[in-house]
Every structure is written in C-alpha cells, then in structure tokens.
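Below you'll find the structure, written out as structure tokens, and then a few comments.
Every chain is numbered from 1, with letters handed out A, B, ... down the list of sequences. Values in this document were obtained by computation on a predicted structure and should not be read as measured data.
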Amino acid sequence: MAEITYLEAIREALFEEMARDENVFCLGEDIGAFGGAFKVTEGLMARFGESRVIDTPISEIGIVGAAAGAAHMGMRPVVEMQFIDFIANAYDILTNYVATARYRAFLPCPMVVRGPSGGYVRGGPFHSQNPEAGFVHTPGLKVVYPSTAEDAKGLMKAAIRDEDCVLFFEHKYLYRRVKGVMPAGDHVVPIGKARVAREGTDVSVITYAATVHKALEAAEQLQAEDGLSVEVIDLRTLAPLDDEAIVATVRKTNRVLVLHEDTRTGGIAGEITARISESCFEWLDAPVLRVTAHDIPLPYAPQLEDFVLPQTPDVVRAIRRLAAY
Amino acid sequence: MAEITYLEAIREALFEEMARDENVFCLGEDIGAFGGAFKVTEGLMARFGESRVIDTPISEIGIVGAAAGAAHMGMRPVVEMQFIDFIANAYDILTNYVATARYRAFLPCPMVVRGPSGGYVRGGPFHSQNPEAGFVHTPGLKVVYPSTAEDAKGLMKAAIRDEDCVLFFEHKYLYRRVKGVMPAGDHVVPIGKARVAREGTDVSVITYAATVHKALEAAEQLQAEDGLSVEVIDLRTLAPLDDEAIVATVRKTNRVLVLHEDTRTGGIAGEITARISESCFEWLDAPVLRVTAHDIPLPYAPQLEDFVLPQTPDVVRAIRRLAAY
Amino acid sequence: MATRTARKGGEPAARPSDRLTREQKLELYYWMRLTRTLEERLVALYRQTKVVGGLFRSLGQEADAVGSCFALERRDVMSPLIRNLGAMLVKGATPVEVLKQYMAKGDSPTRGRELNIHFGDVGAAGATRGFLGQISPLGDMVPVMTGVTLSFRMRGEDRVGLVYVGDGATSTGAFHEGINFAAVQRCPLVVVVENNGYAYSTPTHKQTLAKQFVDKAVGYGIPGYQADGNDVLAVYDVTRTAVDAARAGGGTQLVELMTYRRKGHAEHDNQSYVPDGEIERWAAENDPIDRYVARLTGELGFAAAELAAVDERVRREVDAATDEAEASGFPEPLDALLGVYADPPAERPLWFREGTGGAVAASERAADGWGVYRADPKAGGDA
Amino acid sequence: MATRTARKGGEPAARPSDRLTREQKLELYYWMRLTRTLEERLVALYRQTKVVGGLFRSLGQEADAVGSCFALERRDVMSPLIRNLGAMLVKGATPVEVLKQYMAKGDSPTRGRELNIHFGDVGAAGATRGFLGQISPLGDMVPVMTGVTLSFRMRGEDRVGLVYVGDGATSTGAFHEGINFAAVQRCPLVVVVENNGYAYSTPTHKQTLAKQFVDKAVGYGIPGYQADGNDVLAVYDVTRTAVDAARAGGGTQLVELMTYRRKGHAEHDNQSYVPDGEIERWAAENDPIDRYVARLTGELGFAAAELAAVDERVRREVDAATDEAEASGFPEPLDALLGVYADPPAERPLWFREGTGGAVAASERAADGWGVYRADPKAGGDA
Ligand SMILES: Cc1ncc(C[n+]2csc(CCOP(=O)(O)OP(=O)(O)O)c2C)c(N)n1
Ligand SMILES: Cc1ncc(C[n+]2csc(CCOP(=O)(O)OP(=O)(O)O)c2C)c(N)n1
Ligand SMILES: [Mg+2]
Ligand SMILES: [Mg+2]
C-alpha cells in the first residue's frame, strides 16, 4: 500500500463515505470545481456532482444552519470552513442551535464541520487559529483533532457516521508533511479514544494535533541525551476526553506535561489538569505543567510566530524540569 | 446612605460615567425609552438624550462592531446585550476584531459589553448562559463578573474607564436580590483584583458571581455545624485572573474548591486548577476539586434547572470532603 | 424580479381562497378562535403563577399565523416563532402540549427542557406533523429551514418549507445569510416576514429605513409579496401563491404580512412606548377575528349559530386540555441527564450532587477518585 | 428610494470630475500606475520568496480603488480590503510601508504582526491619514465603519466614511447588520461593493440571485448607485456624488462598481475555474489604465511624455521603497509580547521559553514556582 498524506487521507474518507451513503454531501466556499482552498475536496464534484458538492456564498451562519436543517431530515452534511478561524462566525448557531438540538428538541443533527486549523505556517492572526476550547466547552458537540494520516481518515469516517455534530479540526501544517499507509478495508477510528503515540515510563506528555510531533521529537532527543523514557499520549478526540487514557498514563509515569498549540489561558490544558487533579492527585510526583502558546493573537512574522507558539525545545525543557522535580 | 440593588448600582455607574465623560454612550436593543429588558438603562435616555442612548436593530454583530468603530475614534461605548446569551452572535467580531485591535493595529478599543447573565431564574437554555469561558480564552479581552452591588458599581466605572474592551457580566439572579450601600464619592473598583468575601483557615472556595452567595451560605452552615473555617474568594475579574489572591488563599488553607455556575468541561475552573497546580503544588493537602453545573444545556423546569446548577448543599458536601481528606 | 403586492395591485383573477370549501372556511375561524381562547387560558394560568416563565401573546395576529400556515400541506415543514401559536395549532400541535410546555410539565413535548412554544415534531414526510422547535436567538431558523428545504430539493421530495421572522429578526445576520443561500440554491422555502410594527419596544422605523420589508426581495433576487395580515383570506391567498410557486420549482419566496402586535412583547411589558390610542384603534377597527366573523356572517353566508358552536367546541377543548395539563406531573431531576448526545445516551450525575442515591454511593466506593461518577444514573434510590 | 444608475441613466448635467484640475487628472493616473507597478514589484519579490505569506493582486481593478478613494478628503476615513491597495495609496499609505508589511519586517506598520495590506492609520481628523486596518473575516469592517461614522455624526464632525466590500462579502451577516444599522442611524457612510465577478473561485451567480448588488439598496432604504468600475472618472463621479450626499446629511449610500478580477484570488490560484478567454478579453478590451491613458492622451489632451514622466517617477519611487524595505530588519521575538492590552503593557515570556535570558533566570530563582514569569521581558540578555 502506498503512503498518502494527511490531506489525501481526509479526501479518501470523504470519497468513501460519499460513495457508501448517498445522504452524505459536502458544502462550503469554493469546494466544488476549485476543490477548496487546500484542495481537500478536489475531485469530489467531478465524481459526485454539483448537488452533492455545493459551492456556497460566504455565509458561515448560513452554511452551518443549512447543514443542521438537512441533518434533521436525514442527510449527513459535511461543512467546510475555508479556514477554521471563520467558525467564529457560526459560534451562535453551532453552540445554541446545533449543540442543543438533540437535548431540547430530540432532533438528530448528525453533521461534520471541518476545516484547516492551526499555525506554524505564517498565516497570521486569522488563518492560524485553534478554536477548540470554545467548543469543547459546549455540551452537545464532539471535537476531533487528528495528528496522523491514518487517524485523519479513520476519524473522518467516524465523524460522518456519528449521530451528533462533530467538529473536525485538520491541522494545515500536517496536511502535506505527514503521511501514512491506510489500513485496508473500512478504516474507522472510534471517537473518544486517545492513542499512545509513544510508550514511556518517566514522564507523560498529553497532547494532540501538530504538537504530537513536537512531543515525539522531544522524546527522541531526551531518550538520546538524557536517557529519559517519555510517553506521548495523542488525545485525537478533545470532546469527549478519554479519561481512562489520561488516568492510565498519569498512574504510569506520575509526571505529566500537557502540551497544546492553543493559547494558554482557558485552553483545554486547564481542563485536563483539573481532571488529573480530581482523579489522580495522589499519583502525582510533580505538578502538572503546561506548555502552550503565549496568550497573544498569533503574529505573522516567522520570528514572532515561532516565539509565540510552542516549539520542541520548550517541550524538552519542560520535561527535564518535570523529570528533575 | 440608603441601600440600593445590584441593578441600581449598575445604573448609577452608567449615570455617573455618562455625566462625567461626554464620550460615554450606550447602545443596545430597547435600552432607550423602554429602559432595557431589565430596566438597567431606565431614565438614561430622558437624562442624556436619544443620541447618547441608542436603540438599535436586532444586530449583535452590528452593535458590537459599531461600538468598536466609535471606540477607535475616542468614544466610550457601552453595549447592552439584551441577554448575554446573544453575545454568541458577536463572537467573531469580539474575538477577531475587538480583541486584536490594539495588538495588530495599535488601535485603542475602549468599550464595554454588558448584559444579564446566569441562571437560577427559570430562563431556559437561551436566557441563562454563562459565556465567560469562551472570552477568558481570548487574549485582548477583559472579563468582569461582580457578585455584590458595591462591586457592580465600582467595576462598571472601572470598565468604562479601561483602555481596552471589558465584557461585563451582570448576574440577573442578583439584580434585585442583592443590595448594598455605595461608598461615597467616585467609587471605582480596580479590574484584576479579587476580594476575600469571607476569611477562613481550613478550606478555600474560589468563585464569582451568583455562586459567591452559595459559598457564603455553605461557609455559614459549616461554621455552625462542623466548626469549619471556610475562606471565600470572590474573583470579581475573570480576565486577567488575580494570581496573587489565588496563591495567597491556597497557601493559607491548602485545600481548594473551585466553584462556578458554568458547565464543568472547559469552564474556567480548569484554568484556575492548572494555575494552582503550577504555582502551589507543594502547598496542596488535597486535590483541587470543582463544583460546577452539569455538562448540559440548562433546562427550563425548576426541577431540572435546580438539578443541573450547583446548589449550596453541593458546596457543603464538597467542602466536607476536602476538609476530611 | 417583480414585487407582487397583493394588497396594492388589483384583485387577482382567481384567488386560491375561492377554492376553499365551506368547511375549510369555518376551520380557519376555528383555528383563530382556538388560538385566542388558548392564549386567554394561558393568561389565567399565568396569573395563577402556573406558567413558569414568560407568556407571549399573538392577540391581533391570529389571522397572519393561521392563514399562512393553512397554505401548507401536512408533509410540508413550518418553522414558527414565539407569536405563531396559531400556525402551530394548524400544523397539528395540540392545546394540551402547549399548556404543558408553558407549565414545564414532565410529559410536555420537551419534558420540561424548553419553554413556551419552543417545541416541534419534524422528520420524514407523513411520519411527523412537520413543525420545527425554534430557539431564542432570532434569525437562526432561516438558515436551518434553508437546509430543510435543500434536503427536499436534493431528494426530489414534493415538500415546501415555511419560516416566520418578525420585522425585528430581519436585522439579523442569520436571516440574511439564510435567505440569500436559500435563494441561490432555489430552495422551496417561503420566508414570511410578520411586520407587526414592533420588535419588543422598537418600532419598525428604528429597525430599518426600508419603506417595507417586501423591498428586500429584489436584493435577494426572489419574488416578493405583501398582504394585509389581519385578513385571514388575504393571508391565505398570498401565502398559498408563494407556496405554490415554491412547490412548482420557483425557488425561495418572500411574503410580508402587515399586522399589529396588540399586547406587549411578553405579558410583563406595559407597552409604555406605544403612542396613545394606537392599540385601541387596532382593537376596534382591525381585529382579525372580528373582521373574519363579519365576513363569514355577511358575504360568506354563515349563521351566527355556526360560529357559536365553534366557540363552544373551542372552550370545551381548552377546558379539557387544561385539566389534563394541570393533572400531569413535573419532571424528574435525573431526566435532565438524558440525551445530550446519542452516544453516550446519558450524562453522569456529578459526585457532589446529593440525592442521586446509588450513583453517588457507588462512586464514593470507587477506587478511582474524585472525578465524575461512573455509575448508571438510573440505578439506586435517594441517598 | 430611487436607484440611480450612473451608467445606465443619461450623463448627469455636471459631473464632479469636470471640476478636477489638470494636476488631479494626472494624479489619478499616478495612483493607478503606482498601484500596478508596486504590485508587479511584489510579484518579483514573491518569486524571490521575500514575501512571507500570500500575495493579492488588484490587476484590472486599479480604477475602482483609486477613483473611489479620490472622492474622499484627508479627514475622511476609509476602510480597505485586500484588493484596495490603490485606495490605500491615495489615502496616504506609502510603498515602503506596503513592501515592509508583505516582507514582515520589524519596522513595518504592524511590526510584523499582520500580513500584506492589513494596516491602518486612523484617529482624530488631521492627526492621521484616515484608513483602517482590516481583518480577514469578511464583512466585519462594515459595522466597524458604522461606528466610525456614527461618531462623526454624534460629534458633528464634517467627516465621511467609506467602506469597501466584495461581491462575496455581501453575503455575510456582518455586512447586513452593519449597513442596516448605519442606514437607520443615517451614518455618513458610503458602502462600495466592488463587483469583480468572483469571490475566490465563486462566480457572482452562486453568491446571490440578485441581478445586481445595487438592488440591495432599496431593501435598506438607502440610495444606490452603479458605475463602470474600470472607468476611473466614472468611478470618481459616482463615488463623489455618494460622498457628497453622505456629507450633506443624506445618510448611508450604496455604490456598486462593476469590474473584473484578472488575477486569481491570490498569487497561488491558477484560475482554472474561469471560462476560456474571459481574462484575456478583459485585459485586451477593458484595462482601466489603458482606457485612462487613451482618454488622457485623447480627449483630455495630455502629452505621452507627461505620462511617461509619471511612469518614470513611479519606477524610481518603487525602486527606492524596495531598497529601503529590503534593508530593514526582522522583528525581535520579544516584541511579540508587547501591547495585547494597554494595561498590562506586556505579556510575560513563559517559563519554558529558552532564550529570553534574564526573564527566565529570574523566574527560575523565584520562590513562587512554576507559573508564568513575573520579570520584565525587556530585562536581561539571552540565557
Ligand atoms: C439574536 C437575538 N437578539 C436579541 C433577542 C431578544 N429578543 C427576543 S424577541 C425580540 C424582539 C423580536 O421582534 P420581532 O422579530 O419583530 O418579533 P415579534 O416579537 O414582533 O413577533 C428581541 C429583541 C433575541 N431573541 N435574539
Ligand atoms: C467570513 C469569511 N469567510 C471566508 C473567508 C475566506 N475568503 C477570503 S477572501 C474570500 C473571497 C472574497 O471575495 P469578494 O468578497 O468578492 O472579494 P474579492 O476577493 O473578489 O475582492 C473568501 C471566501 C473570509 N475571509 N471571511
Ligand atoms: Mg415585530
Ligand atoms: Mg469579488
């Protein structure tokens, strides 16, 4: 089997699900003939036609709302945000309408909202965001953010089949940099299950998306330079969080670093820390530490962006501190 | 000096600031002749005229955006959300435009967005929200949420004078239930400073807004029934958090409960727990625990709302557990 | 795209209402009367503090809600707003459902989760009555209905959608994005703007500078219609024309109904902002029920006794519904935990919550500490 | 409210452009040429990978940006979009600022924080050049400009605002809420819709069913105008008319300029979605600079040498600006920490960040642990 990129893996999932279930359809800005700003949906319109791959006006409220309405009627819409940053425009309809539909009105609302997310690409403050915190906070939504090509495909298929709304964040830095060989057959990765990206015994790093790769780099370096055994947990799903996986790694290493690319204050590292405090207080040999972005709108210049976002040396430094505690 | 309500205290602050500075003006839905859904702005239009108390169309994006534009030009707009729940509609323009204006464009954006917030009033899922988490997460915004009439007035005055955008959450359960005597003169309460609402030595409760009163009730009961000395910290400002006050109380009691009315996952209790873990790990004699709402859109029926929101007996139970740890 | 103003233009050659049967004409009266009587009952219950939250009236607007919804088939989907009780009744909502909702009963359509007429019944054609549960943020139902009707178009179903918005709600971004997207997609959607003169306390001239809402149609490239919202047959005619056009593949349609909100925004609102005499004038001269009664008993040849019989039937039905609603119980707290997601089907009660019995006890014994209870919320009695 | 279509109606009696001096007419040519030459320079720098992010062109739209902004006074405030480089230059932005922005230099107008032409200079009349730094989410600048112009009205200042939106951006809720609120408040705001046929790859007929964007004016109850966006004098005339109306108390105005985007959305876009020959036709038949050159040298009696002198001046200015921009340095990382808030004026570097020198060292010695550094980020050298 040939390797394909993270981006191609997502496209493959879309193709397979649209072929499997005629209720699946895509909508978004420029996703049709153009194939989307990042070409994720390239070829979909040619294969499935204009009525199942819909180019929309620039209307994030309109698109998300329309997806919800179609979902109520048994369709399975997959919405593209041209950049995930623009999901902010749909915050009301996602958190107030979509997230509550099942609870308040017993209305199924199976839909996916997906889009290129994250930084490290010189995208500036409005093309680099990681908006997961505001949605992990919303009961009724699920949130997924894969770090590997295999998971990107398998989680996308799970998201499309899920009975509720799944926000699917795709890391644009990984789109073409990360590759994998897809497992044969109907490859579905369950939502809500974390993955041990690297086994280790001394310190745990709990993370997701692009920073999984920073954690793995740091782990390599620390193995080589310090002889430290670092475990890396890739959360994959942010809502619901996989409490069991978190508890398991804390009990194993007793030292935890939570790492994310999002800004620090109010980012989901806080939630994870609170859960660890509640569930594993006596298992901790050191404080739970966080490596995150600075609390700053992400600047554009490489020198500034690199300073604001977490980097591999930051992870190394933090793990050393934890190990020495 | 006569006692006035929390609501009247806010109105008094608006009157005083509009009288003090002709650049201050109010805008929002039905705030003029009608005085607003809760009558917070009653009398303002009669006193200051239609051009400084502007009834707007139902356009939260439009209102918040217009406030930002006016703020750039040296005005000091105070925006009312008829219910704070509708701030979700302005999420993009608040987090992307307003919050970043100073950083990305060196544009001052001194403005206040205020509105009735919170539950315990049978308002159902769209008239009871506590949306602070999504904004505390946004660098560039300040967030205030008072629990007393004195603070409501003093913080509103500080918010209007602040050089940046302050989100001012007013708890509608407290509007007419909480009263206070306003300090004489120009009563301004600084943003960013917590308040020790009750001194204690055994367990700390860190909280804000309506649940301050639940914490105080619980503290009374535990003093009487268990002889426990409970310290209650009223954060008052949620962004920026008062780290010093948090550290001080943790070092004093070594046992901490974080209490908030907002839902649990992704609520700001997580952030506070992480900061305590980072700053005070060795000072903790027990895990940091959280009492919060269940992760559920807030239902309407009293039996359900009361079940979902945190209540005084929950706080009692949690403190007992911490004390016994 | 021409703006067809039913009110201003000459009478159309054949009005859809000409095809209504005698029974259907009486039915229109029944729905309007039922709306008004049910609301009056709600006022009584509100004064007895049996209504938990606010109470919203459609007094004087019954014709606009009833006449417009009457233009739909059962298979069609309608999205109401707070003042569309009449439309919901026409679409099959029952008085007892409405009463239980307002009283937050455990067996209300939303089991006490949502307030007043925020409930729905929607799904495959035939299987449901076809009305959608609204949410409070105004305008949001427009894009949702765009999606509902997009699904009709995609599946080739012979179904139409109808969504109501107030004069105030037209100012929202959601309205704009939803109607524009529906127009471009040629969704079979009728957008009804109920221009009742006010949005809460805000008069229409503070909401928009447009002379009339129907003028917005041209900016979306869709047909626009306007009618006297207090003339139930005119409302039916104009909406039916728009519905037929949408059904025939004519895409999205905008209908403006001119009416007047005689009560406050909600029961607590004293309407101090309304010019003197305005309400009284509308009540005296332009009550939609009075007008229809005059027409029924005049031009249309109904006997007063026929109408009295309807009134009597309505009274009986509302009485019976009230008895039933009053007798039913309040929700069980643990029911709050069910169904935020399809999977998991239930949230767990939090550990500090007393009174959840076995769930809490089991958690206290559990080795893994302080977090969320893992036990089945249904298990066990009270602690 | 009448829709005045400058293009379609007969020539107005006296055109504002008739009052332009000979120098001003040449100036219009200068701004268009400067826009084009500067963008060509940016393309060269982009190919040398000296531009950090994407590059956005306004090729073929220079007349619409330049002619419209030329209708403003210095005290007025203009809010540009990505394709309004020409308008920014007219309003006083300099080539060196633009080049430094694109190259993310430390002394660029945003010190490397924001990309391309996302920068501004706005404040009290006279003190600033009066253009606003845009953000990416489309439509948001409309309500912001509503507020800017509301402040003019409230203070009785003789100032007007002008905001650009693309055909695509008209579909956003922000556009709708902003223009509607401005209309009701009679803000002195001119909303210019640049209809260039595409929003990224999306042709206008997928954006709206409206025949023309000027049709939206009536739905907001405001005057609407339309002009040939590739005729710089026609653009000036229509915008000047709208600006004068706004300045005279006529409230909000909508201007649609018909133009064509000859380059892709950004430099990477291969325009595969454009019908064959369309771009070439516009380039050959409807280039705004070619058209104006023909007019200048024909009807308006300018000598070819006069234009050549402008071209030469532009080349020199762009060369000088390029040299200056290339010579300047990149931002210092610690500068990223300054000015998220007025108070505190700086964020603290996080403890795990190596290379922040004294700040980190001080924090490591600090008793209070593991959190955020409390030291002054400016203190100390590298660790
Ligand atoms: C987005 C949003 N903003 C504000 C409100 C508060 N609100 C509820 S009803 C109402 C007035 C609605 O007026 P209109 O649309 O004309 O409907 P009517 O009540 O007249 O039927 C307002 C402002 C809301 N529900 N949603
Ligand atoms: C709210 C929002 N959604 C999506 C985008 C992504 N986007 C950037 S430019 C663009 C097309 C803009 O088209 P138009 O408004 O016609 O302007 P033009 O580029 O033609 O000048 C899109 C979709 C955005 N910037 N903002
Ligand atoms: Mg109304
Ligand atoms: Mg365009």
Side-chain angles (χ1 to χ4, degrees), chain A residues 60-61 85-96 99-100 103-104 124-126 129 131-140 239-241 258 262-282 284 286-290 294-297 299-300 325, chain B residues 60-61 85-96 99-100 103-104 124-126 129 131-140 239-241 258 262-282 284 286-290 294-297 299-300 325:
Chain A
E60 285 76 10
I61 310 171
D85 310 60
F86 306 126
I87 202 171
N89 299 52
Y91 193 77
D92 160 59
I93 202 152
L94 270 173
T95 62
N96 284 325
T100 64
Y103 189 72
R104 74 179 151 76
F126 309 111
Q129 294 175 10
E132 58 267 23
F135 297 104
V136 166
H137 173 249
T138 306
L241 279 169
V258 189
D262 187 18
T263 48
R264 186 176 190 79
T265 299
I268 76 163
E271 177 63 30
I272 293 165
T273 305
R275 291 185 182 212
I276 292 171
S277 168
E278 288 163 344
S279 306
C280 309
F281 181 66
E282 294 182 1
L284 288 174
V288 178
L289 296 184
R290 294 183 288 180
H294 283 85
D295 282 338
I296 289 174
Y300 163 56
Y325 190 89
Chain B
E60 285 76 13
I61 310 172
D85 310 59
F86 306 125
I87 202 171
N89 298 53
Y91 192 78
D92 159 59
I93 201 150
L94 270 172
T95 62
N96 284 326
T100 65
Y103 189 72
R104 75 181 150 75
F126 309 111
Q129 293 174 11
E132 58 267 23
F135 298 105
V136 167
H137 174 249
T138 306
L241 279 169
V258 190
D262 186 19
T263 47
R264 186 176 191 79
T265 298
I268 75 164
E271 177 62 30
I272 293 166
T273 304
R275 291 185 183 213
I276 292 171
S277 168
E278 288 163 344
S279 305
C280 309
F281 181 65
E282 295 182 1
L284 287 174
V288 178
L289 295 184
R290 294 183 289 180
H294 283 84
D295 282 339
I296 289 174
Y300 164 57
Y325 191 89

Below 4.5 Å from any heavy atom of chain B, which atoms of [X] appear? Answer side chain, backbone, both or neither.
{"X": "Asp85(A)", "value": "backbone"}
{"X": "Ala286(A)", "value": "backbone"}
{"X": "Arg104(A)", "value": "side chain"}
{"X": "Leu284(A)", "value": "both"}

Leading residue by heavy atom contact count with chain A [cutoff under 4.5 Å; candidates Ile268(B), Val288(B), Ile276(B)]: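 It is Val288(B).
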Parallel, tilted or perpendicular: ring planes of Phe281(B) versus Tyr325(A), cut at 30 and 60 degrees: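 Rings of Phe281(B) and Tyr325(A): perpendicular, as their planes differ by over 60°.
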Could you tell me which non-hydrogen atom of [X] sits nearest to which non-hydrogen atom of [Y], and how far apart they are?
{"X": "Thr263(B)", "Y": "Pro139(A)", "value": "CG2-CG, 4.0 Å"}
{"X": "His137(B)", "Y": "Gly267(A)", "value": "CD2-N, 3.7 Å"}
{"X": "Tyr103(B)", "Y": "Pro299(A)", "value": "OH-CG, 3.7 Å"}

Does the side chain of [Y] come within less than 4.5 Å of [X]'s, by heavy atoms?
{"X": "Gln129(B)", "Y": "Asn96(A)", "result": "yes"}
{"X": "Thr273(A)", "Y": "Glu278(B)", "result": "no"}
{"X": "Thr265(B)", "Y": "Arg275(A)", "result": "yes"}

Among the listed options Ile272(A), Thr95(A), Asp262(A), the residue most often paired with chain B at heavy-atom distances under 4.5 Å: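 Counting heavy-atom pairs under 4.5 Å, the top option is Asp262(A).
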For chain B, the option from Asp295(A), Ile61(A), Asn89(A) that forms the most heavy-atom pairs under 4.5 Å: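 Of the options given, most contacts go to Asn89(A).
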Proximity breakdown for Ile93(B) and chain A, heavy-atom pairs closer than 4.5 Å: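 No part of Ile93(B) comes within 4.5 Å of chain A.
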Side-chain (Glu271(A)) to main-chain (Gly266(B)) donor-acceptor, under 3.5 angstrom: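 Side chain of Glu271(A) to backbone of Gly266(B), a donor-acceptor pair under 3.5 Å: yes, one is there.
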